[in-house]
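One structure below.
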Amino acid sequence: MLKTLLANVDGMVYRRRLDSEWTMEFVSQGCQRVTGHQPADLLLNRRVAYDELTLPDDRLWVREAIRCAVAEFRAFDLEYRIVHADGGVRWVWERGTGVIDVEGRPIALEGLIQDITKRKSAETALREAERRYHGLFDNAIEGIFRTTVEGNYLDANPALAHIYGFGSPQELMVSLQDIGRQLYVDPQRRDEFMRIVKARGSVTGFESQVYRKNGDVIWISENARVVISEDGRPLAYEGTVEDITERRLYQTRIEHQANYDTLTGLANRSLLQDRLEQALLTATSFGTRIAVAFVDLDRFKFINDSLGHHVGDELLKEVAARLQSCVRDCDTVARLGGDEFVLLINGHSGPESVRQTMECMLAAVAQPWTVEQGEFDVSCSIGVALHPEDGEEARTLLKHADSAMYRAKDSGRNNFQFFTRELNTLMTERLEMESHLRRALDRQQFVLCYQPRIDLDGGRIVAAEALLRWRIPQRGTITPQRFIALAEETGLIVPIGKWVLQTACAQNKAWQDEGLPPIVVSVNVSARQFRQENIVSTVAEVLRDTGLEARYLELELTESMVMHDAPQLVAMLDELKQLGVLIAVDDFGTGYSSLSYLKRFPVDRLKIDRSFVEHIASDADDATIVRTIIALGHNLGLKVVAEGVESDEQLRFLRSNLCDEAQGFLISRPVSHRVLRRMFTTRSKRDLRA
Ligand code: C2E
Ligand code: MG
Ligand code: MG
């Protein structure tokens, strides 16, 4: 019985000597399973000694541990490794005691050795897994936590401590005792969080603001779930925390950009649209009154072109602030782009109160504006449309306010106009005009007339300015004031301008071919032509086609345009100059010019604007201005032309102040090419001297 019992034990029961071989005196059948050797082979070291089976690394300490236990009359319990007969290493668990003789001397060991390799590898796997998970927990970028239901931390990883501004998870867990009150900026957020977790068992992407240790407020996003005990009670919460402050900031910035103008911080077009729609809904339901005002700066282009875009930007910011100062919080000032602003007045008491607001705005904008470059007078033109009288829809109101604004511009700027029915008609006409203008070239409705320019010394006709006329059958002749701006806006000025250049050059060549004394033909050129096409090659092409010598062509550029000191413009003018074409500055004196451009641009002539010439005989200031321009021109080696000469008095003044040339109704109105040809023959020097 003892034999079978021993044989059935899971492991090897043994008795061995305390010698250096661990000589076995008895081994049970289990030896075969544990070591792979037959018991007989191990017995009395017949084939192999147990000490040899012990893994060399473990031999020493195992022997020492057993020696100690035996010396102290203790049982021993060890785990170590042996080498199996198959060459593999096995973990064994040995428990035993020393056997002593009658005199109390240890003589042998008895005990049990079991193979625990399976258990050992399971343990290692478990440890490995734990180590891995801990690594994840410790190294995660997201904060990970476990809390009690009451809101105390059970666990927190370094990332969470970092997010909340603590030095370590331990510090965090000690410091944050009441999450709801200490952490959340809005304690109700915590309640909301709990409510969702309780109701659904989990929560994802829950965003809230929390305090960091140093008091900074950050945005976090939480995912969490409730851990349920076996009997169904909530045990804890566990989840992750992400710092989304950057993302939130970015989002707000994007939202802001989508709704606000970056330069001025005012509402932009899309926000205005929203607010206007909203206001209209309220107005329709509650009968509140709305007004929409379109504000456009006067002569903003001059300032922008002459002083540079950064100064232009400063002006826009300043104007934005001034406009804003005239309205209440419930109103909206928006910038549509460029120098266009729209004001939405929400709930006013009637046209009179709107009028007051508009007057306030005109006055605010008209305050002198001082920058490094000097002091400037700024003004704006405003058009107003009222709801519901002038329109029911946002689009109509804006459109009508816009056309009222154009009316304000037409009536001399720096004023405001309410929309009227007849304005509507004007607007329709404008649209109609645009569609007619598009076809005018094809229909050959343009003609040029020519206004002669005389030399004040001898009175000879030295030049003729080509002035555009638009003849529409049944409607008569339209002067450039009424359509040039439209042609510029629509870009039609480019093909039209080319036609003018072609026709004027061809005409001048024709006069010369007829044997008339050669004169210069002067052609007005718009800024848009310089921007849109290669004006240099167009001019060269026209001169080639018509055979006109370049020195008989003069291009008139407005002052505002020349002042725009763009390097490309200088380059283009230089190229034109190379061709041999003359350059004149038209309407001189009307731009906010620094005059320094005159040195850099290859200019031949200054044409003093009509507005100065008009009063030279009666206004001392104008007389001084004209005299100064003449002197300035001469100092720079330029010829000076006076425009709009209507009286003998003016002519005398100009002649005595040594102005070079004159043009105006006194000499001749703009006339057809036939009339001009006749003038060469009939007009004598005597007529002019008279
Ligand atoms: P601008 O170049 O300054 O042309 C002179 C304008 O003054 C002409 O008006 C002319 O008829 C007018 N004028 C001449 N002498 C007198 C005078 O003694 N008294 C008065 N009260 N007016 C006088 P117009 O022909 O109506 O042209 C107006 C403006 O339209 C021109 O001013 C020019 O800037 C522009 N323009 C005319 N033709 C063209 C063109 O072919 N292309 C471009 N881009 N602009 C043009
Ligand atoms: Mg001109
Ligand atoms: Mg002019």
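Quick caveat, the model's predicted, so the values are computed rather than measured.
Residues Thr282 and Ile290 have side chains not in contact (no heavy-atom distance under 4.5 Å, counting atoms from C-beta outward). Between Asn152 and Gln177, some side-chain heavy-atom pair lies under the 4.5 Å cut-off. At least one side-chain heavy atom of Val365 sits less than 4.5 Å from a side-chain heavy atom of Leu297. Counting heavy atoms from C-beta outward, Asn304 and His309 have side chains that approach closer than 4.5 Å. For the pair Leu362 and Ser379, the minimum side-chain heavy-atom distance is 4.5 Å or more. Considering only heavy atoms from C-beta on, Leu266 comes within 4.5 Å of Gln324 through its side chain. Counting heavy atoms from C-beta outward, Leu18 and Leu109 have side chains that approach closer than 4.5 Å. Residues Phe341 and Leu316 are in side-chain contact: their nearest non-hydrogen atoms beyond the backbone lie under 4.5 Å apart.
The main-chain N or O of Leu386 is found under 3.5 Å from a side-chain atom of Asp390 such that the two form a donor-acceptor pair. Looking at Thr288, its side chain never comes within 3.5 Å of a backbone N or O of Gly347 through a donor-acceptor pair. Using a distance-only test at 3.5 Å, with no hydrogens or angles considered, no donor-acceptor pair links the side chain of Asp58 to the main chain of Glu79. The closest donor-acceptor contact from the side chain of Arg59 to the backbone of Thr54 lies under 3.5 Å. Side-chain atoms of Ser121 come within 3.5 Å of backbone atoms of Lys118 as a donor-acceptor pair (strictly under, hydrogens ignored). Looking at Gln114, its side chain does come within 3.5 Å of a backbone N or O of Asp10 through a donor-acceptor pair. Here the side chain of Asn259 pairs no donor or acceptor atom with the backbone of Ser270 at under 3.5 angstrom. Counting only distance, with no hydrogens or angles, the side chain of Thr35 and the backbone of His84 share no donor-acceptor pair below 3.5 Å.
Ring geometry for His256 versus Tyr260: interplanar angle under 30°, hence parallel rather than tilted (30 to 60°). Ring planes of Trp369 and Phe376: tilted class, angle from 30 to 60°.
No more than 12 heavy-atom neighbours from other residues, nucleotides or ligands sit within 6.0 angstrom of CZ on Arg395. Within a 6.0 Å sphere centred on CG of Leu60, other residues, nucleotides and ligands contribute 12 heavy atoms or fewer. The neighbour count for Arg181 CZ, taken as heavy atoms of other residues, nucleotides or ligands under 6.0 Å away, does not exceed 12. Residue-environment remark: CD (Glu372) stays at or below the threshold of 12 foreign heavy atoms within 6.0 Å. Sparse packing is recorded around CD of Gln188, with 12 or fewer heavy atoms of other residues, nucleotides or ligands lying under 6.0 Å away. Crowding of Glu130 atom CD: a count of heavy atoms from other residues, nucleotides or ligands under 6.0 Å not exceeding 12. Counting non-hydrogen atoms of neighbouring residues, nucleotides and ligands closer than 6.0 angstrom, the CD1 atom of Ile141 reaches no more than 12 such neighbours. Counting heavy atoms of neighbouring residues, nucleotides and ligands inside a 6.0 Å radius, atom CG of Asp231 exceeds 12 of them.
Using modelled atom types and a 3.5 Å distance limit, the side chains of Arg335 and Thr264 yield no donor-acceptor pair.
The distance from the CD atom of Glu52 to the CD1 atom of Ile82 is 13.0 Å, given to the nearest 0.5 Å. Within the model, atoms CZ of Arg119 and OG1 of Thr124 stand 10.5 Å from one another, a figure rounded to the nearest 0.5 Å. If you take CG on Asp155 and CZ on Arg146, they are separated by 5.0 Å, rounding to the nearest 0.5 Å. Leu42 contributes atom CG, which lies 12.0 Å from atom CZ of Phe26 (distance to the nearest 0.5 angstrom). The distance from atom CZ of Arg190 to atom CG of Leu183, rounded to the nearest 0.5 Å, is 8.5 Å. Rounding to the nearest 0.5 angstrom, the gap separating the CG atom in Asn346 from the CZ atom in Arg275 is 9.5 Å.
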Working for side-chain contact (heavy atoms from CB on, under 4.5 Å), residues His348 and Thr357: CA-CA 10 Å; His348 60 86; Thr357 311; over 6 Å; no
Verify side-chain contact (heavy atoms from CB on, under 4.5 Å) between Glu393 and Leu280, making sure each step is shown before the conclusion. CA-CA 8 Å; Glu393 289 169 40; Leu280 286 171; 5.6 Å; no
Quick one, Glu21 with Arg16, criterion side-chain contact (heavy atoms from CB on, under 4.5 Å). Give me CA distance, side-chain angles, the key distance, then yes/no. CA-CA 9 Å; Glu21 266 95 31; Arg16 70 181 192 249; over 6 Å; no
Determine whether Arg322 and Glu318 satisfy the following criterion, salt bridge (charged side-chain N to carboxylate O under 4.0 Å, His left out), listing intermediate values before the conclusion. CA-CA 6 Å; Arg322 291 183 184 185; Glu318 175 66 26; 2.8 Å; yes
Could you go step by step and tell me if Gln182 and Tyr164 meet the side-chain hydrogen bond (donor to acceptor under 3.5 Å, both in side chains) rule? CA-CA 11 Å; Gln182 282 178 274; Tyr164 291 162; over 6 Å; no
Derivation and outcome, side-chain contact (heavy atoms from CB on, under 4.5 Å), residues Asp274 and Gln278: CA-CA 6 Å; Asp274 275 4; Gln278 205 56 49; over 6 Å; no
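Taking all atoms of both residues into account, the shortest heavy-atom contact from Ala156 to Leu160 is CB-CD2, 3.8 Å. Met194 and Val149 make their closest contact through CE-O, 3.5 Å (heavy atoms, listed as atom of the first residue, atom of the second, distance). Nearest heavy atoms, Cys326 versus Cys360: SG-SG, 2.6 Å. The minimum heavy-atom distance linking Leu176 with Tyr153 is given by the pair CD1-CE1, 3.7 Å. Minimum interatomic distance between Gly30 and Met12 (heavy atoms only, all atoms of both residues): C-CB, 3.7 Å. The minimum heavy-atom distance between Ile228 and Pro234, with the atom names listed, is CD1-CA, 4.3 Å.
A cation-pi geometry, defined here as NZ or CZ lying under 6.0 Å from the six-membered ring centre and within 45° of its normal, holds between Arg63 and Trp22.
Checking Asn414, Asp298, Asp296 one by one against Ser381, the side-chain hydrogen bond (donor to acceptor under 3.5 Å, both in side chains) holds for a single residue, Asp298.
Partners of Ile100 according to the side-chain contact (heavy atoms from CB on, under 4.5 Å) rule, which considers only residues two or more places apart in sequence or in another chain, are Phe73, Pro106.
The pair Glu255-Arg248 does not meet the salt-bridge criterion, since no charged nitrogen lies less than 4.0 angstrom from a carboxylate oxygen. Using a cutoff of 4.0 Å between basic side-chain nitrogens and carboxylate oxygens, Arg328 and Asp331 are scored as salt-bridged. Of the charged side-chain nitrogens involved, none lies within less than 4.0 Å of a carboxylate oxygen, so that Glu192 and Arg189 do not count as a salt-bridged pair.
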I'd like a table of donor-acceptor pairs (distance under 3.5 Å, sequence neighbours excluded) in which one partner is a side-chain atom from residues 209-223, with atom names and distances.
residue : atom : partner : partner atom : Å
Arg212  : NE   : Ile163  : O            : 2.9
Arg212  : NH2  : His162  : O            : 3.0
Lys213  : NZ   : Glu171  : OE2          : 2.8
Asn214  : OD1  : Asp216  : N            : 2.9
Asn214  : ND2  : Asp216  : OD2          : 3.3
Glu222  : OE1  : Tyr184  : OH           : 2.6
Glu222  : OE2  : Tyr184  : OH           : 3.2
Asn223  : OD1  : Gly205  : N            : 2.7

